[in-house]
Visitor: 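One structure, pasted below without further comment.
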There are 2 protein chains.
Amino acid sequence: MARYRVGLETRERILAATRRLLSEQGIEGVTLKAITAQARVGAGSFYNLFDSKDDAVFEVVRETIDAVDPDPAGAGTDTLADLVDAFVAFMTGSSPIARIYLQLAGRGLTDAAVAARVLRSHRRRVERFSDAWQREDPSLSEAEAELLAETMLAALTGLGMTALMDPRFDMRAHARRLLPEAAMVSGRG
Amino acid sequence: MARYRVGLETRERILAATRRLLSEQGIEGVTLKAITAQARVGAGSFYNLFDSKDDAVFEVVRETIDAVDPDPAGAGTDTLADLVDAFVAFMTGSSPIARIYLQLAGRGLTDAAVAARVLRSHRRRVERFSDAWQREDPSLSEAEAELLAETMLAALTGLGMTALMDPRFDMRAHARRLLPEAAMVSGRG
DNA sequence: TACATATTGGAGTGTACGCTCCAGTTCTGC
DNA sequence: GCAGAACTGGAGCGTACACTCCAATATGTA
């Protein structure tokens with residue numbers, strides 16, 4: 001939507017403000033007023049650059065997830081243990097944005113538009129896990145690998161929820177148990 | 001809070017209205033206005049009997065979960081497969097209240113009061129799974145069984161989220177794979 | 001019956017928030 | 001330097017919603 005340089009800069013300012021608010025105050029802190037005040041921008045400017053408040057929030061969350069990707073280039077060099085660790089890092093790391101991610105997923109349960117976005121990113125992640133799994137165990141069929149990946153990711157998501165609600169919960173230890181025997185024995189990661 | 005007969009009856013009417021709205025319209029349909037209209041009750045009466053709107057919602061969700069309990073009496077007769085099936089039934093069954101349950105869990109990520117309630121019921125469930133696991137494999141230590149139960153429940157929750165978002169997702173098939181080899185081979189359930 | 005207490009309805013309060021509107025201004029390509 | 005499109009701020013709109021207040025009434029008890 002932005003076409004001029006100033007517009008692109010404003011867009012960045014808005015995203016930075018959203019990121020900061022999301023990190024410091026969680027999803028409730030992110031009102032349009034808060035974003036526009038933090039970014040020193042009028043509501044009109046905001047809506048000139050984004051379709052909705054959610055638009056900006058989604059963008060920030062996506063960026064944050066991408067930031068922990070162990071193989072951003074998609075070169076196929078990531079192991080299962082890498083992916084699990086990255087997920088655990090995202091969930092238990094200092095950034096409160098993991099919370100927002102799960103809350104968005106929750107909203108996806110009743111909001112079709114949100115569901116579509118969440119599912120899209122979910123599928124991409126399943127793909128990554130599935131590929132890594134096949135790389136480590138080439139005897140697996142694609143379908144089997146995908147089944148395993150789906151289950152593992154589900155478990156990781158569930159463990160993440162527990163971890164975020166219960167600070168004493170050791171997500172890493174639980175997540176490690178999800179790895180296939182081979183990976184555990186060889187002590188990868 | 002209710003002490004007279006009429007009060008208890010009104011309380012029931014309110015819960016029934018909440019249950020119906022939750023089932024038919026999801027969490028967004030449940031406004032105070034909707035509840036009180038459906039129950040034919042004034043807002044004052046509502047707050048005479050409940051501390052907050054959430055109070056009523058939580059109660060209904062709790063009842064719904066209890067309704068699929070394979071061993072409500074706590075006699076210790078439920079197998080792991082039973083528990084898994086019950087969870088899958090709750091998630092994929094016709095009642096949309098599973099959605100609400102997961103959404104509440106999502107809210108628990110930022111709302112401490114909600115988190116406390118969610119965690120309490122989560123702990124109870126882990127206990128049930130853990131006990132069943134030990135019953136089926138007495139060689140397991142309590143700690144090991146709890147670890148296994150926690151992971152399994154996390155996976156089930158994650159699978160439930162995917163299932164609710166993606167109608168084509170076969171939760172039952174995935175959930176079955178979580179059972180220990182023995183249970184799968186013996187074809188229990 | 002008399003009394004304390006519970007129950008009732010629903011108008012009203014306070015607030016929060018996403019988004020629109022639009023007149024004025026900058027920007028960019030030609 | 002001109003035209004036209006992009007950008008800007010921010011007042012204000014519309015709405016939604018949880019909860020309070022309170023006078024009137026019903027209920028249970030001694």
Side-chain angles (χ1 to χ4, degrees), chain A residues 1-18 20-22 24-61 100 103-104 107 110-114 117, chain B residues 1-22 24-61 100 103-104 107-108 110-114 117:
Chain A
M1 259 171 137
R3 256 171 256 197
Y4 291 170
R5 213 196 60 248
V6 276
L8 291 168
E9 284 169 1
T10 303
R11 199 184 142 82
E12 283 313 310
R13 251 198 351 274
I14 289 173
L15 286 174
T18 307
R20 180 168 177 183
L21 286 166
L22 234 27
E24 293 180 356
Q25 323 218 28
I27 195 85
E28 297 89 31
V30 182
T31 62
L32 203 70
K33 233 181 184 128
I35 294 175
T36 53
Q38 178 77 231
R40 293 179 174 281
V41 146
S45 310
F46 182 96
Y47 282 95
N48 181 45
L49 297 164
F50 295 89
D51 282 341
S52 67
K53 192 190 77 167
D54 280 348
D55 229 42
V57 172
F58 275 114
E59 175 108 16
V60 167
V61 172
I100 284 115
Q103 283 177 328
L104 285 179
R107 268 185 50 201
T110 42
D111 182 331
V114 174
R117 295 181 104 139
Chain B
M1 260 175 138
R3 256 173 256 194
Y4 290 171
R5 213 195 61 248
V6 278
L8 291 167
E9 284 168 3
T10 303
R11 198 185 142 84
E12 282 314 309
R13 256 204 341 282
I14 289 173
L15 286 174
T18 307
R19 196 178 306 123
R20 181 169 177 182
L21 287 166
L22 234 28
E24 292 180 357
Q25 323 218 29
I27 195 86
E28 297 88 30
V30 182
T31 63
L32 204 70
K33 231 181 185 125
I35 293 175
T36 53
Q38 178 76 232
R40 295 180 172 281
V41 146
S45 309
F46 182 96
Y47 283 96
N48 182 43
L49 297 162
F50 295 89
D51 283 341
S52 67
K53 192 191 77 166
D54 280 348
D55 228 44
V57 172
F58 275 114
E59 174 109 16
V60 167
V61 172
I100 285 116
Q103 283 176 329
L104 285 179
R107 269 186 48 201
T110 42
D111 182 331
V114 174
R117 294 180 103 138

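Lettering of chains follows the sequences in order, A, B, ..., and the numbering in each one begins at 1. Only a predicted model underlies this, so the values are computations on that prediction, with no experimental measurement involved.
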Visitor: Given atom CG of A/Asn48 and atom C1' of C/dC22, what is their separation to the nearest angstrom?
Guide: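 About 13 Å, once rounded to whole Å.
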
Visitor: List in chain and number order the residues that pass ring pair (Phe, Tyr, Trp, His ring centres under 6.0 Å) with A/Phe50, two or more places apart in sequence or in another chain; answer none if no residue qualifies.
Guide: A/Phe46

Visitor: Walk along nucleotides 22-30 of chain D from 5' to 3' and tag each nucleotide B, S or - by protein heavy-atom contact under 4.0 Å, base first, then sugar-phosphate.
Guide: -----BS--

Visitor: Looking only at heavy atoms, which two atoms of B/Ala43 and B/Leu32 are closest? And how far apart?
Guide: CB-CD2, 4.3 Å

Visitor: Need one value for B/Thr36: base, sugar-phosphate or nothing, where a base atom within 4.0 Å counts as base even if backbone is also close, heavy atoms only.
Guide: nothing

Visitor: Between P on D/dA18 and CZ on B/Phe50, what's the gap in Å once rounded to a whole number?
Guide: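 Rounded to whole Å, this separation is 15 Å.
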
Visitor: Do you know which two heavy atoms are closest between A/Lys53 and A/Ile35, and how far apart they sit?
Guide: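 For A/Lys53 versus A/Ile35, the nearest heavy atoms are CG-CD1, 4.1 Å.
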
Visitor: Of all residues at least two apart in sequence or in a different chain, which pass the side-chain contact (heavy atoms from CB on, under 4.5 Å) check with B/Thr10?
Guide: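 Per chain and number, B/Thr10 pairs via side-chain contact (heavy atoms from CB on, under 4.5 Å) with B/Arg13, B/Ile14, B/Val41, B/Leu49.
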
Visitor: Round to a whole Å and report the spacing from CG of A/Leu8 to C1' of C/dT26.
Guide: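 So the two atoms are 15 Å apart, to the nearest Å.
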
Visitor: What pair of heavy atoms forms the shortest contact from A/Gly7 to A/Ala2, and how long is it?
Guide: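 Closest pair (atom of A/Gly7, atom of A/Ala2, distance): C-CB, 3.8 Å.
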
Visitor: Under the side-chain contact (heavy atoms from CB on, under 4.5 Å) rule, what do B/Glu24 and B/Gln38 come out as? Steps first, then yes or no, please.
Guide: CA-CA 12 Å; B/Glu24 292 180 357; B/Gln38 178 76 232; 5.8 Å; no

Visitor: Under 3.5 Å between N/O atoms: give me all the protein pairs with nucleotides 14-19 of chain C, atom names plus distance.
Guide:
| residue | atom | partner | partner atom | Å |
| --- | --- | --- | --- | --- |
| C/dG18 | OP1 | A/Lys53 | NZ | 2.7 |
| C/dG18 | OP2 | A/Leu32 | N | 2.8 |
| C/dC19 | OP2 | A/Tyr47 | OH | 2.5 |
| C/dC19 | OP2 | A/Lys53 | N | 3.2 |
| C/dC19 | O5' | A/Tyr47 | OH | 3.1 |

Visitor: Can you name the residues that form a side-chain contact (heavy atoms from CB on, under 4.5 Å) with A/Gln25, not counting sequence neighbours?
Guide: A/Leu21

Visitor: With A/Arg107, which residues qualify under side-chain contact (heavy atoms from CB on, under 4.5 Å), at least two apart?
Guide: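 For A/Arg107 the side-chain contact (heavy atoms from CB on, under 4.5 Å) partners, ignoring immediate neighbours, are A/Asp54, A/Leu104, A/Asp111, A/Val114.
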
Visitor: Using a 4.0 Å heavy-atom cut-off, does B/Arg40 contact any base of the nucleic acid, only the sugar-phosphate backbone, or nothing at all?
Guide: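 Sugar-phosphate only.
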
